[in-house]
A.B. asks: 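Once you've had a glance at the structure underneath, I'll fire off some questions.
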Amino acid sequence: NILVANYSDSGAYAIVTQSGGYLSKLYVYNEKHEQIFAYSFADYYVTSVSLNSGGTKAVVAGVSALNGVNIASVYVLDFTKDTPLHFKELENNIIYEVEYIGDKYACAIGRSASYTVNTSNGEIVTNNYDGRNLTAFDINRDTDTYTLSLSGSGDGRNCDIISYNTSGAQEKSFTVDEKVIDLSTYKGRVALLTGDKVMLYSKDGNSISQKELSSDPHSVALYTSSDAYVLCTGYINAYTL
């Protein structure tokens, strides 16, 4: 069974599967569908994989447990080497997604913290959520940034919208008194999806517009600075914001 997959601009693609004798196994293929790399994971179930644009390296996230505590892992793999370039364990966390942001850096979005990884030297910058709950995130490879929605209240409202760059430094932030269930970024804009509307902001928090929704929305995707698709139950709507 396929667990996760990813592809690169070069045409290379990666597939992670279940594997007899191992918890997960990574296979990488070139644009001609020829296998160019494989790696078996004995200690971690892989939760996410990302290839660099050239299809020569991968960042992989995994999860395991020890004494009832979740342990996340991040691997940096070079397809010319048999062993990982870098490996890091992250206690008491689960990584939902890893993604290259530029060819040198990757980000990892976790349950209790996010990380930026320098894939050249293995250095990791940690941004803790400080007790806030992650409600949504978006990774934008066009701008080499990632954006989080972190709720400071039990009902999911009072969300801090924070954008980070490749070095892990905070670029922009603002707060909305809404329950954000999904978000999408496009250049300097952020679309926030709540249970009954989609709202468009600049990344520094200036409200631009909003649209009321009459159905049950699940996710949002900006495809221009003012146009978005909203996935609802059974159909997709396009909106100009």
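Treat the numbers as computed from the prediction; the structure is a model and nothing was measured.
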A.B. asks: To the nearest 0.5 angstrom, please state how far the NZ atom of Lys172 sits from the NZ atom of Lys203.
C.D. replies: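 The NZ atom of Lys203 is 9.5 Å from NZ of Lys172, to the nearest 0.5 Å.
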A.B. asks: Do Leu51 and Val98 sit in one hydrophobic cluster, given that two such residues count as connected whenever their side-chain heavy atoms are within less than 4.5 Å of each other, even indirectly?
C.D. replies: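 No, separate clusters.
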A.B. asks: With rounding to the nearest 0.5 Å, note down the distance linking NZ in Lys57 to OG1 in Thr119.
C.D. replies: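 One gets 5.0 Å once the value is rounded to the nearest 0.5 Å.
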A.B. asks: What's the verdict on side-chain hydrogen bond (donor to acceptor under 3.5 Å, both in side chains) for Asp138 and Thr185, showing C-alpha distance, side-chain angles and the deciding distance?
C.D. replies: CA-CA 7 Å; Asp138 182 67; Thr185 61; 2.5 Å; yes
A.B. asks: One pair to check against side-chain contact (heavy atoms from CB on, under 4.5 Å): Arg141 and Ser50. What are the steps and the verdict?
C.D. replies: CA-CA 12 Å; Arg141 294 185 72 164; Ser50 178; 4.1 Å; yes
A.B. asks: Is the closest side-chain heavy-atom distance between Tyr229 and Ser219 below 4.5 Å?
C.D. replies: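 Counting from C-beta outward, Tyr229 and Ser219 never come under 4.5 Å.
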A.B. asks: Shared ILVMFWY cluster between Val117 and Val59, side chains joined below 4.5 angstrom?
C.D. replies: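 Yes; Val59 is reachable from Val117 via cluster members.
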A.B. asks: Using the rule given for ring pair (Phe, Tyr, Trp, His ring centres under 6.0 Å), can you reason through Tyr75 versus Phe41, listing the C-alpha separation, both sets of side-chain angles and the distance that settles it, and then say yes or no?
C.D. replies: CA-CA 10 Å; Tyr75 298 77; Phe41 299 86; 5.0 Å; yes
A.B. asks: Using the side-chain hydrogen bond (donor to acceptor under 3.5 Å, both in side chains) rule, take Ser151 and Asn133 through it: C-alpha gap first, then chi angles, then the decisive distance, then the call.
C.D. replies: CA-CA 5 Å; Ser151 171; Asn133 296 315; 5.4 Å; no
A.B. asks: Can you measure from CD1 (Ile109) to CD1 (Ile95) and round to the nearest 0.5 angstrom?
C.D. replies: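 So the CD1 of Ile109 and the CD1 of Ile95 are separated by 8.0 Å.
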A.B. asks: Can we call the ring centroids of Tyr146 and Tyr164 under 6.0 Å apart?
C.D. replies: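 Centroid distance Tyr146-Tyr164: below 6.0 Å, so yes.
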A.B. asks: Under the criterion ring pair (Phe, Tyr, Trp, His ring centres under 6.0 Å), I'd like the reasoning laid out for Tyr105 against Tyr100: C-alpha separation, chi angles, the key distance, then a yes or no.
C.D. replies: CA-CA 6 Å; Tyr105 294 93; Tyr100 269 92; 9.9 Å; no
A.B. asks: side-chain hydrogen bond (donor to acceptor under 3.5 Å, both in side chains) for Asp160 and Thr175? Distances and angles first, verdict last.
C.D. replies: CA-CA 4 Å; Asp160 297 323; Thr175 301; 2.7 Å; yes
A.B. asks: Check whether the ring centres of Phe79 and Phe37 lie less than 6.0 Å apart, and answer yes or no.
C.D. replies: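 For Phe79 and Phe37, the ring centres are under 6.0 Å apart.
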A.B. asks: Evaluate the side-chain proximity of Val46 to Val4: yes if any heavy-atom separation is below 4.5 Å, no if none is.
C.D. replies: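 They are in contact (side-chain heavy atoms under 4.5 Å apart), so the answer is yes.
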A.B. asks: Could you walk me through whether Thr166 and Asp144 pass the side-chain hydrogen bond (donor to acceptor under 3.5 Å, both in side chains) check?
C.D. replies: CA-CA 6 Å; Thr166 54; Asp144 294 338; over 6 Å; no
A.B. asks: Can you find a heavy atom in the side chain of Leu241 that is under 4.5 Å from one in the side chain of Asp227?
C.D. replies: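 No - every pair of side-chain heavy atoms lies 4.5 Å or more apart.
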